[in-house]
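Worksheet for the structure shown next.
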Number of protein chains: 2
Amino acid sequence: MGMDERKFRILQAIIDDYILTAVPVGSRTISKKYDMGLSSATIRNEMSDLEELGYLDQPHVSAGRVPSAKAYRLYVDQLLQAGRLRTDSDMALRAHFLGRTRQMEEVMDHAAQVLSSLTNYTAVVLPPTGTQPRIRNIQLVSVSDNAALAVIVTDAGVVRDAVIRVSEELDQDALYSVSRTLTGELAGKTLSEAVERMPEIIRGMQSQAELLEGFGDVMNTQQQANHPHVAIGGTSNMLNYPEYADMEKARSFLSLMETRDRLADIIGQKGEMSFTVRIGPETGVPEMADCSIVTATYTTGNGQQGTIGVIGPTRMQYSRVLEVMNTMGRQLSELFGTGEDDVLKLE
Amino acid sequence: MGMDERKFRILQAIIDDYILTAVPVGSRTISKKYDMGLSSATIRNEMSDLEELGYLDQPHVSAGRVPSAKAYRLYVDQLLQAGRLRTDSDMALRAHFLGRTRQMEEVMDHAAQVLSSLTNYTAVVLPPTGTQPRIRNIQLVSVSDNAALAVIVTDAGVVRDAVIRVSEELDQDALYSVSRTLTGELAGKTLSEAVERMPEIIRGMQSQAELLEGFGDVMNTQQQANHPHVAIGGTSNMLNYPEYADMEKARSFLSLMETRDRLADIIGQKGEMSFTVRIGPETGVPEMADCSIVTATYTTGNGQQGTIGVIGPTRMQYSRVLEVMNTMGRQLSELFGTGEDDVLKLE
DNA sequence: TGTTAGCACTCACTCGCAGCGAGTGCTAAC
DNA sequence: GTTAGCACTCGCTGCGAGTGAGTGCTAACA
């Protein structure tokens, strides 16, 4: 007994119906709603086969069938290779982006919101990472008599800032020249390389030892801490779905959404594909046993890769989600892109 | 019939019990658990009076009594003036903060988390605002051949950054000198003042008109957008409380938490007091009809005020919350404080 | 006059049970 | 190979009795 064309069509119908209704679907429903030209009895036989093949589960004897993770897998794989992902919601997305400021984190936040409102699931956007960001410019600015703000600009366009406190009073000109020296010495280096280089620089500028040491500390914590911004949208969407009618489930899901670090790990796992779909157990996250995660990557001008993800129930509208994500991925790639001033210039 | 000492003690007992159990409390419970030396019958009479006075509600005839918003109000007012707010959880809070990086937003996020985990409610932290932040330093850094990153440092220690795109190729030295000029011209000004000043500056530096105009745009959007970071912690805590067993309520609460702008408005309303407690209807937010909001302010070195808030069910543990917030407020004031290097130096 | 014991009454909540109906698997006929 | 028919399963709904916490009232007591 194998998987023939007809079985596949029936399976597809079951998945479609289940995605829509979240109710176990019976043989009669299929034979009536999706005119297959087959009676319910025949469908029943096929369904029985499909269950044996592992594509369907039966919550209990007298209920309909529910697609298994394996079924979704098949469905999605087929979708990914065949569909070639349309991008018709392009306009909506684009419109959403017009007239917006371009601050990195705001764009990410906004993207997460758009993504979640367009899909009605939960969306996550991670900033570009990958190759270690390289320092472009360092600037020390006094904020009070004995405190300076260190601003580090990296090629990812990300700005990191931290306060340095010193005992003696700060001299504006000195800060300027130190900034200049630091930029000169460290530009092009990664944060960790810069940290290694610091002792030497301090040796060469004993007069500013305290300030420089403070700066070294800052770099060190920056490098270690490395908490990238995690943008999330539509966490409350999840509560719309009967899958999360159970409070306990909802709670554990939400609290997972709150631990950004872990979330970033989960979403950030990159495959070699531009799209990844992890279904149910494939997520490897107990709290997400009946969730699916769809991720896609976007690419910035300097080749760094960011990730966008949508989290929904396993019976999510994969085709819709993939479509929207495809579009969003492109948008972000353009926005952070190679310097073609297409999208931005529209503003 | 007035509010005498005994009535007050009984009311207090009812509130305490209800805060603990979230179950309507009956006369017997009070007479047994809190030894008042009174029989349940007497308590019943008093409770009947208290209900008439508006301090108690009765969900239905054969249930116990539940404190009304008016009762909490009384309770809290008494707490605020009498208690003088202890700060014994000081140590725990302090320990939490040690060894952390000092990036503004991270501190806020962290504060929100600590606040929520210490109270088991939802916590919100808003950055300092009030007096318009003033520009301290402006730096343009090239990020690609025809894009520059504008970094604006304000006296609030906040850094704002945005990308400027230009058509011609950027010259590093030119950027440097433009940065210098801009800093010279605009330092000490507020964003809006700076925006007004821009046309004049552009006239004086025709050679860099495009760049400067781009910068002007950035300032403009920055000034308008003005989306301060809103740190939230423990949203999922809310689901622990039977008040939110109803999915629909939970959903609307969570989705309110997601609309940061609105949330910031709600939390950010400043009274003249350092502590504000809004109970139930007093919040003015329909979604929070049975929530209370406690806010406190912290103050930065330059006199700007930030806000921290805790949101919980009306029957929240006010004394605990006020205590924790008192401590947290001080911590933050110190941290962003007048330059005394107490807390930070510990690191 | 304030306090208390006693009692009737209310009413949400739980539990068990019958009935319903969607859905299945099997069998026999087409 | 397909389909009609039928017996069977079993979760879900609704209903009615029983339970118990809690009240208000009255009458007795200090």
Side-chain angles (χ1 to χ4, degrees), chain A residues 1-11 13-15 17-18 20-68 71 242-243 245-246, chain B residues 1-11 13-15 17-18 20-68 71 242-243 245-246:
Chain A
M1 175 188 63
M3 179 72 163
D4 59 17
E5 161 67 14
R6 194 174 69 179
K7 278 193 178 51
F8 188 79
R9 265 179 40 234
I10 292 175
L11 181 58
I14 293 173
I15 294 177
D17 201 77
Y18 188 69
L20 222 65
T21 62
V23 169
V25 15
S27 54
R28 234 177 95 84
T29 314
I30 297 298
S31 92
K32 279 214 308 192
K33 273 205 341 205
Y34 306 78
D35 47 16
M36 303 246 140
L38 293 173
S39 78
S40 64
T42 313
I43 309 272
R44 252 190 327 267
N45 288 329
E46 295 288 40
M47 282 165 88
S48 178
D49 289 354
L50 283 168
E51 184 173 355
E52 209 170 319
L53 287 166
Y55 291 106
L56 294 179
D57 291 329
Q58 204 170 12
H60 54 266
V61 189
S62 72
R65 305 301 216 286
V66 165
S68 68
E243 281 85 344
D246 177 20
Chain B
M1 174 188 64
M3 179 73 165
D4 59 16
E5 160 68 15
R6 195 174 72 176
K7 278 194 179 50
F8 188 78
R9 265 179 41 233
I10 292 176
L11 181 58
I14 295 174
I15 295 177
D17 201 76
Y18 188 70
L20 222 66
T21 63
V23 169
V25 12
S27 53
R28 235 176 94 81
T29 315
I30 298 299
S31 93
K32 279 214 306 189
K33 272 204 340 202
Y34 306 78
D35 45 17
M36 303 247 140
L38 293 172
S39 79
S40 64
T42 311
I43 308 273
R44 259 198 310 276
N45 287 331
E46 295 289 38
M47 282 167 88
S48 180
D49 289 353
L50 283 168
E51 184 173 355
E52 210 169 316
L53 287 166
Y55 292 107
L56 294 178
D57 290 330
Q58 205 170 11
H60 55 266
V61 188
S62 72
R65 303 302 213 288
V66 166
S68 69
E243 279 86 346
D246 177 19

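Each chain gets a letter, A, B and so on, in the order the sequences are listed, and its residues count up from 1.
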By nearest atom, which of the nucleotides [options] is closest to the [X] side chain?
X        : options                   : result
Ser48(A) : dG25(C), dG23(C), dT23(D) : dG25(C)
His60(B) : dA5(C), dG23(C), dC11(C)  : dC11(C)
Gln58(A) : dG25(C), dT4(C), dT3(D)   : dG25(C)

Just the rounded figure in Å: distance from [atom2] of [N] to [atom1] of [X].
X        : N       : atom1 : atom2 : result
Ile10(A) : dT2(D)  : CD1   : P     : 10 Å
Ile14(B) : dG22(D) : CD1   : C1'   : 13 Å
Ile30(B) : dG22(D) : CD1   : C1'   : 13 Å
Leu50(B) : dG24(D) : CG    : C1'   : 16 Å
Leu56(B) : dG24(D) : CG    : P     : 11 Å
Asp4(A)  : dG1(D)  : CG    : P     : 11 Å
Asp49(A) : dT2(D)  : CG    : P     : 11 Å
Asn45(B) : dT26(D) : CG    : P     : 12 Å

Starting at the 5' end of DNA chain C and moving along, which residue's nearest nucleotide shows up first, Arg28(A) or Ile43(B)?
->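 Its nearest nucleotide being more 5', the pick is Ile43(B).
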Is there a donor N/O on one and an acceptor N/O on the other, under 3.5 Å, for the side chain of Arg44(B) and the base of dG2(C)?
-> no
Going through the checks in order, is the side-chain contact (heavy atoms from CB on, under 4.5 Å) test met by Thr21(B) and Asp17(B)?
-> CA-CA 6 Å; Thr21(B) 63; Asp17(B) 201 76; 3.8 Å; yes
Complementary nucleotide of dG23(C), counting Watson-Crick and G-U pairs under 3.5 Å = dC8(D)
Scan every strand shown for a Watson-Crick or G-U wobble partner of dA28(C), both distances under 3.5 Å, and answer none if you come up empty.
->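 Pair assignment: dA28(C) / dT3(D).
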When you check the gap from the basic side-chain N to the acidic O, do Asp49(A) and Lys7(A) get nearer than 4.0 Å?
->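 Looking at Asp49(A) and Lys7(A), the cut-off is met.
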Between CG on residue Leu38(B) and CD on residue Glu46(B), distance to nearest 0.5 Å =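 With rounding to 0.5 Å, CG (Leu38(B)) is 7.5 Å from CD (Glu46(B)).
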Taking only N and O in the side chain of Arg65(B), is any of them less than 4.0 Å away from OP1 or OP2 of dT23(D)?
-> yes
Does the side chain of Ser62(B) get closer than 4.0 angstrom to OP1 or OP2 of dA21(D) through an N or O atom?
->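 Ser62(B) to dA21(D) OP1/OP2: no side-chain N or O under 4.0 Å.
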Main-chain N/O of Ser39(A) paired with Ser31(A) side-chain donor or acceptor, under 3.5 Å = no
Scan Ser27(B) against the nucleic acid and name what it touches under 4.0 Å (heavy atoms): base, sugar-phosphate only, or nothing.
->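 Here Ser27(B) touches the backbone only, sparing every base.
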Classify the nucleic acid contact of Ala41(B) as base, sugar-phosphate or nothing, counting any heavy atom under 4.0 Å across all strands shown.
-> base
Applying the side-chain contact (heavy atoms from CB on, under 4.5 Å) test to Ser27(A), which of Arg65(A), Lys32(A), Arg44(A) qualifies?
-> Arg44(A)
